[in-house]
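Every chain is numbered from 1, with letters handed out A, B, ... down the list of sequences.
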Amino acid sequence: MAQFQPVRGTHDILPDDFARFRSVIDTARLAASLHGYREMATPMFEVVDVFARSMGESSDAVSKEMYAFTDKGGEHLALRPEYTAGICRAFISNGLQQHVPFKAFAWGPMFRYERPQKGRQRQFHQIDVEVIGAAEPQADVEVIALAADILRRLGILDKCTLLLNTLGDPESRVAYRAALVEYFSAHKASLSEDSLKRLEKNPLRILDSKDEGDRKLVADAPLIDNYLTQAAGDFFAAVKAGLAQAGVPFQVDPRLVRGLDYYTHTAFEFVTTHLGAQGAVIAGGRYDGLIEQLGGNPTPGIGWAGGIERLVLLSDPKPQAAPMLAIVPVGEAAEAEAIALAGELRRADIAVELGYKGNVGKRMKRADKLGCFGALIFGADEMAKGVVKLKDFASGQEAEIARGDLVAHLKARA
RNA sequence: GCGGGAGUAGCUCAGGUGGUUAGAGCACCAGAUUGUGGCUCUGGGGGUCGCGGGUUCAAGUCCCGUCUCUCGCCCCA
């Protein structure tokens with residue numbers, strides 16, 4: 001290959017794209033802060049065990065998709081495939097149990113060695129929300145409502161459906177799992193090849209199968225409702241009631257399950273039909289056992305992650321450049337003066353573009369192309385009079401403004 | 001990891017059954033217009049046709065491999 005190209009599954013984010021990318025983050029950050037979540041970040045890589053122990057050794061994310069490596073010091077590290085494990089590790093490392101409930105918002109790159117597709121990359125980016133140290137269903141409701149608020153602000157809530165389910169507490173889950181294994185084992189002959197593997201590894205996932213034959217079996221499979229303990233059932237009822245109170249519509253989907261071991265109780269997904277096979281836009285759930293698995297004191301938690309690229313694909317925000325003004329000097333003296341003027345305006349928080357070269361025509365053309373709303377033109381004549389000409393591109397009108405009044409004039413204009 | 005589709009200029013794409021200097025639109029640059037942008041006109045730069053190999057007198061075109069993208073499965077955001 002003659003030329004370098006980005007590594008498979010990675011993408012450059014060029015300025016126009018970045019504007020959309022950032023607007024998703026900004027929107028999420030704003031909504032999160034309105035709900036009392038504070039932004040934080042953890043490293044992009046961790047000791048491998050942080051992920052292996054939390055997500056489960058056998059999960060695909062850990063066993064086949066992890067960017068794991070040994071550094072020069074012999075440490076076994078991995079690029080993070082998700083955010084939850086790292087934030088929980090940080091919760092433990094920093095003794096944050098004194099701050100519970102700890103409410104965090106974060107975003108950043110994630111890495112999974114998967115086969116790339118639209119809406120699925122090897123380096124992708126997530127926004128993430130976690131509440132650690134809250135066992136109450138109100139936390140579930142708040143976290144989900146926050147996700148819905150972000151989707152609403154992005155103008156894509158109506159393209160998404162909120163699917164909701166419960167996996168119960170550990171006791172419920174064990175009982176349900178056993179019931180599923182019994183049921184599907186009795187029908188092994190008609191199970192798909194994939195589902196036979198699932199039966200060994202993660203029987204719950206059979207419920208999620210897309211195979212035609214599996215679906216028929218699943219239709220008659222036992223439902224978790226019958227295996228929930230009283231407490232787990234009450235918890236789920238409280239979450240549903242809370243969502244209704246919050247005005248967040250949802251659809252209970254008994255087939256919604258999670259791939260990762262650490263989930264308990266509430267599981268949810270905002271899904272869309274607009275992204276092909278990559279339907280999940282924001283997904284998460286409760287993980288009451290996770291902190292303990294990572295070596296902390298038993299601490300409940302709940303959170304979700306949303307794929308920024310997927311959110312960008314779904315929304316189509318017009319990249320809106322900040323209003324900018326071009327400075328167009330004429331002649332050598334003006335050229336020098338322009339540098340001073342640009343500095344003066346920028347210190348006053350007025351965005352200006354000062355071309356490096358070209359005659360008036362060129363600079364005007366460039367100013368127009370950049371989307372400037374106007375240009376400040378001045379040469380020897382204007383300098384002698386102590387004014388600059390402000391040309392408004394929309395109207396084509398020009399006005400002479402005293403140099404001393406310029407900042408005030410431009411401020412007033414906005 | 002498995003199965004399908006596709007790669008020609010920065011972008012969107014033309015290039016019947018192989019045939020000689022590979023095209024268009026948009027974009028970019030320059031000039032008409034060295035103190036005035038958008039519109040128009042004129043000209044220009046830019047491609048080892050994803051990459052490597054094979055068949056042939058001759059390959060963008062046919063064959064094989066490979067890389068990347070894409071659709072689905074797996075899995076997931």
Counting any heavy atom closer than 4.0 Å, what does A/Glu65 reach on the DNA or RNA strands: base, sugar-phosphate only, or nothing?
sugar-phosphate

May I ask you to check whether A/Phe105 and A/Tyr37 place their ring centres under 6.0 Å from each other?
no

Is the closest basic N to carboxylate O distance between A/Asp149 and A/Arg153 below 4.0 Å?
yes

Categorize A/Ala305 for me: base, sugar-phosphate, or nothing, with a 4.0 angstrom heavy-atom threshold over every strand shown.
sugar-phosphate

Do A/Glu39 and A/Arg29 sit within salt-bridge range, that is, some charged N less than 4.0 Å from a carboxylate O?
yes

Ring centroid separation A/Phe21 to A/His125 under 6.0 Å:
yes

From B/rU36, B/rA77, B/rG35, nucleotide with atom closest to A/Ala283 side chain
B/rA77

Could you give the distance separating B/rC62 and B/rC49 at their P atoms, to the nearest angstrom?
15 Å

Across every strand shown, the nucleotide meeting Watson-Crick or G-U wobble geometry with B/rC69 (both distances under 3.5 Å) is B/rG5

Can you tell me the distance, in whole Å, between the CG atom of A/Asp214 and the C1' atom of B/rC73?
12 Å

Using a heavy-atom cut-off of 4.0 Å across all strands, would you classify A/Arg112 as base, sugar-phosphate, or nothing?
base

Determine the Euclidean distance between corresponding P atoms of B/rG25 and B/rC67; express it in Å to zero decimal places.
37 Å

Going by ring centres under 5.5 Å and near-parallel planes (under 30°), is A/Phe393 stacked on B/rG38?
no

Please determine if a side-chain N or O atom of A/Gln5 lies less than 4.0 Å away from the OP1 or OP2 oxygen of B/rG50.
no

For A/Arg8 and B/rC67, is the shortest distance between a side-chain N/O and OP1 or OP2 below 4.0 Å?
no

In whole angstroms, the gap separating C1' of B/rU36 from NZ of A/Lys389 amounts to 8 Å

What nucleic acid atoms does A/Ala380 come within less than 4.0 Å of, heavy atoms only: base, sugar-phosphate, or nothing?
base

Mind calculating the distance between CG (A/Leu256) and P (B/rC76) to the nearest angstrom?
11 Å

5'-most contact on RNA chain B (nearest-nucleotide basis), A/Gln397 vs A/His125, goes to A/Gln397

So what does A/Val330 hit on the nucleic acid, given a heavy-atom distance under 4.0 Å: a base, only sugar-phosphate, or nothing?
base

From CD1 of A/Ile282 over to P of B/rC76, roughly how many Å is that when rounded to an integer?
18 Å

Could you check which of B/rC69, B/rG35, B/rU34 has an atom nearest any side-chain atom of A/Pro116?
B/rC69

Lys NZ or Arg CZ of A/Arg80 over A/Tyr83 ring: under 6.0 Å, within 45°:
yes

Per atom distances to the A/Lys362 side chain, the nearest of B/rG1, B/rA30, B/rG37 is B/rA30

Remember a base hit wins even if backbone is also touched, and classify A/Gly9 as base, sugar-phosphate or nothing at under 4.0 Å, heavy atoms.
sugar-phosphate

Touch check for A/Glu193, heavy atoms < 4.0 angstrom, all strands: base, sugar-phosphate only, or nothing?
nothing

Side chains of A/Glu82 and A/Met55: does their closest heavy-atom pair fall under 4.5 Å?
yes

Any side-chain N or O of A/Lys369 below 4.0 angstrom from OP1/OP2 of B/rC28?
yes

For atom C1', what is the distance between B/rU8 and B/rU12, given to the nearest Å?
12 Å

Expressed as a whole number of Å, how far does the C1' atom of B/rC26 sit from that of B/rG46?
14 Å

Between A/Val7 and A/Ile308, who's closer to the 5' end of RNA chain B by nearest nucleotide?
A/Val7

Taking B/rU48 as the reference, what is the distance to B/rA22 when you measure between their C1' atoms (whole Å, please)?
13 Å

When both distances are under 3.5 Å in a Watson-Crick or G-U wobble arrangement, the nucleotide paired with B/rU20 is none

If you compare every side-chain N and O of A/Lys365 against the phosphate oxygens of B/rC28 (OP1, OP2), does one of them come in below 4.0 Å?
no

For A/Phe268 and A/Phe270, take the angle between the two ring planes, folded into 0 to 90°, and tell me which bin it lands in: parallel under 30, tilted 30 to 60, perpendicular over 60.
perpendicular

Under 4.0 Å between any heavy atoms, over every strand shown, what does A/Gly119 touch: base, sugar-phosphate, or nothing? Just pick one.
base

Using the ring of A/Tyr67 (Phe, Tyr or Trp, six-membered ring only), decide whether A/Arg112 places NZ or CZ under 6.0 Å from its centre and within 45 degrees of its axis.
no

Which part of the nucleic acid, if any, lies within contact of A/Arg115, taking any heavy atom under 4.0 Å across all strands shown: a base, the sugar-phosphate backbone alone, or nothing?
base

Could you tell me how far B/rU61 sits from B/rU55 if I compare only their P atoms? Round to whole Å.
15 Å

Compare the minimum distances between each of B/rA77, B/rG37, B/rC69 and the side chain of A/Arg310, then state the nucleotide with the smallest one.
B/rA77

Whole angstrom is fine here: how far is it from CG in A/Leu163 over to P in B/rA77?
14 Å

Taking any heavy-atom pair under 4.0 Å as a contact, classify A/Asp381: base, sugar-phosphate, or nothing.
base

When we call it a touch if two heavy atoms are under 4.0 Å apart, what does A/Gly279 touch: a base, just sugar-phosphate, or nothing?
nothing

Please give the distance between the C1' atoms of B/rG5 and B/rG18 as a whole number of Å.
24 Å

Consider the side chain of A/Lys210, meaning its heavy atoms from C-beta on, and name the nucleotide among B/rA77, B/rC73, B/rU36 that approaches it most closely.
B/rC73

Quote, to the nearest angstrom, the C1' distance that separates B/rA9 from B/rG44.
14 Å

Proximity to the side chain of A/Lys118 - top-ranked nucleotide from B/rA77, B/rG38, B/rU70:
B/rU70

